[in-house]
Amino acid sequence: MGLEGKETSSFMRDFLDRYGGYAVIDGGFATELERHGADLNDPLWSAKCLISSPHLVRRVHLDYLDAGANIILTASYQATLQGFEAKGFSREEGENLLRRSVEIAREAREIYYDRCTKDSSDFMRDERHRRRPILIAASVGSYGAYLADGSEYVGDYGDAVTVKTLKDFHRERVKILVDAGADLIAFETIPNKLETKAYAELLEEGIETPAWFSFSCKDESNVVSGDSIFECATVADSCRQVAAVGVNCTAPRFIHGLISSITKATSKPVLVYPNSGETYIAESNQWVKSSGKAEDDFVPYISKWRDAGASLFGGCCRTTPNTIKGVAGELLGTLPHK
Ligand SMILES: [Zn+2]
């Protein structure tokens, strides 16, 4: 986007100001593709659909825009050049698939805007929805996501993996996503401080596109590896290109405490997009209930999280467009509460 210095750091604040001080992020993407019948039992996970069913990728983006999201994340979470090469794709084909993830999201945005001008429903007549600003965030899953063994929920890469290994792993992919026209980079489900440092150093190599850092956490004060969220958020705070810091794919019951820890480390905008509160079991590729309580409807907590200091809200795995409709409604106050 060619934003320079100070502008990059105020990017998210400016965006939030244009939409009443908050933003709605989309919901679970891969799990939503699965709900529509996609078989993602594959090392590429959601990125498999970039090859097999791009129309479904576009449709899920549109479903989230219809639900009220104003930031949508691309299907590139587990899309890596290394992963595509392992599946027999050439370097060039892998690069095209990465680019495609951004293009499909941009197409969905165009279709949505076009539809808005023709739709006359109450929802669309609301000025706050029509032509509301929509950002395309290029999803970058962690190195652990590429390993496709649930490592992004453990965060232990072993001693052989260094900051340099991680920078080398992510560098080309990030460049391709930026060049494809993403408005921001969503480094998500970050499992440890090592990868946080690698992303910060990578951005400082000269990437001017704003980014957000979003961590997967195992309790109220630690990311999944056991590193403290305060320390990870402090690394994020020190990086000029980081426009927002937060938490994703984490159980709703930990969110409130995590927001408190993050706001102690940074004054950058805070984002939260929890999962349904279930735990992913990599061996069986299943999500199982992890606490006695049902947590799938966290919408009633949104206003409390906002009071605690968060300003961007969405959902992660196993949340759906219905969740996001609830989130948007809660924030706008235009839809009936549950
Ligand atoms: Zn998730």
Side-chain angles (χ1 to χ4, degrees), residues 24-36 38 40-49 57 60-61 63-64 67 69 71-80 83 101 105 137-155 185-192 195 212-219 223-225 229 232 244-255 258 271-282 284-291 295-299 301 305 310 312-324 327:
V24 182
I25 303 170
D26 66 8
F29 195 79
T31 52
E32 187 60 12
L33 293 168
E34 283 179 321
R35 220 166 59 87
H36 285 286
L40 302 186
N41 199 356
D42 187 282
L44 293 176
W45 203 36
S46 50
K48 187 185 161 201
C49 282
V57 172
V60 172
H61 286 318
D63 287 348
Y64 279 121
I71 303 183
I72 55 172
L73 274 67
T74 60
S76 50
Y77 176 78
Q78 216 144 296
T80 62
S101 68
S139 166
V140 174
S142 64
Y143 176 69
Y146 153 76
L147 296 176
D149 59 0
S151 282
E152 71 261 56
Y153 300 114
V154 181
I185 312 161
F187 292 104
E188 45 173 0
T189 330
I190 308 173
N192 56 34
E195 201 151 22
W212 79 40
F213 280 12
S214 181
F215 300 92
S216 60
C217 299
K218 66 173 182 182
D219 56 36
V223 304
V224 291
S225 66
I229 185 73
C232 291
V245 185
V247 173
N248 76 292
C249 220
T250 295
R253 64 187 181 281
F254 302 137
I255 298 294
L258 288 161
L271 57 100
V272 292
Y273 51 114
N275 59 26
S276 59
E278 296 154 295
T279 301
Y280 180 64
I281 309 293
S284 56
N285 186 30
Q286 279 177 330
W287 291 87
V288 297
K289 286 249 173 293
S290 55
S291 78
E295 293 188 82
D296 48 340
D297 186 7
F298 55 76
V299 170
Y301 299 115
W305 295 344
L312 299 98
F313 308 87
C316 206
C317 296
R318 305 271 277 182
T319 65
T320 68
N322 210 30
T323 319
I324 298 311
V327 170

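Ligands are counted one by one from 1 in listed order, and the atoms in each one are counted from 1 as well. Worth saying up front: this structure is predicted, and the values here are computed from it rather than measured.
- Of the inter-residue distances, the one linking L73 atom CG with Y273 atom OH reads 5.0 Å to the nearest 0.5 angstrom.
- Shown here are the protein N/O/S atoms lying under 2.8 Å from the Zn ion (ligand 1), water excluded: C249 SG, C316 SG, C317 SG.
- Not a single ring-ring contact (aromatic ring centres under 6.0 Å, His included) links F215 to another residue, sequence neighbours left out.
- Take F29 and apply the ring-ring contact (aromatic ring centres under 6.0 Å, His included) test, not counting sequence neighbours, and it matches H61.
- Partners of A244 by side chain to side chain contact (heavy atoms under 4.5 Å, CB included), not counting sequence neighbours, listed by chain and number: M12, W212, P269, L271, L312.
- In terms of modelled atom types and a separation under 3.5 Å, the side chain of Q78 and the main chain of G141 share no donor-acceptor contact.
- Under the 4.5 Å side-chain criterion, counting only non-hydrogen atoms from C-beta, T319 is in contact with F298.
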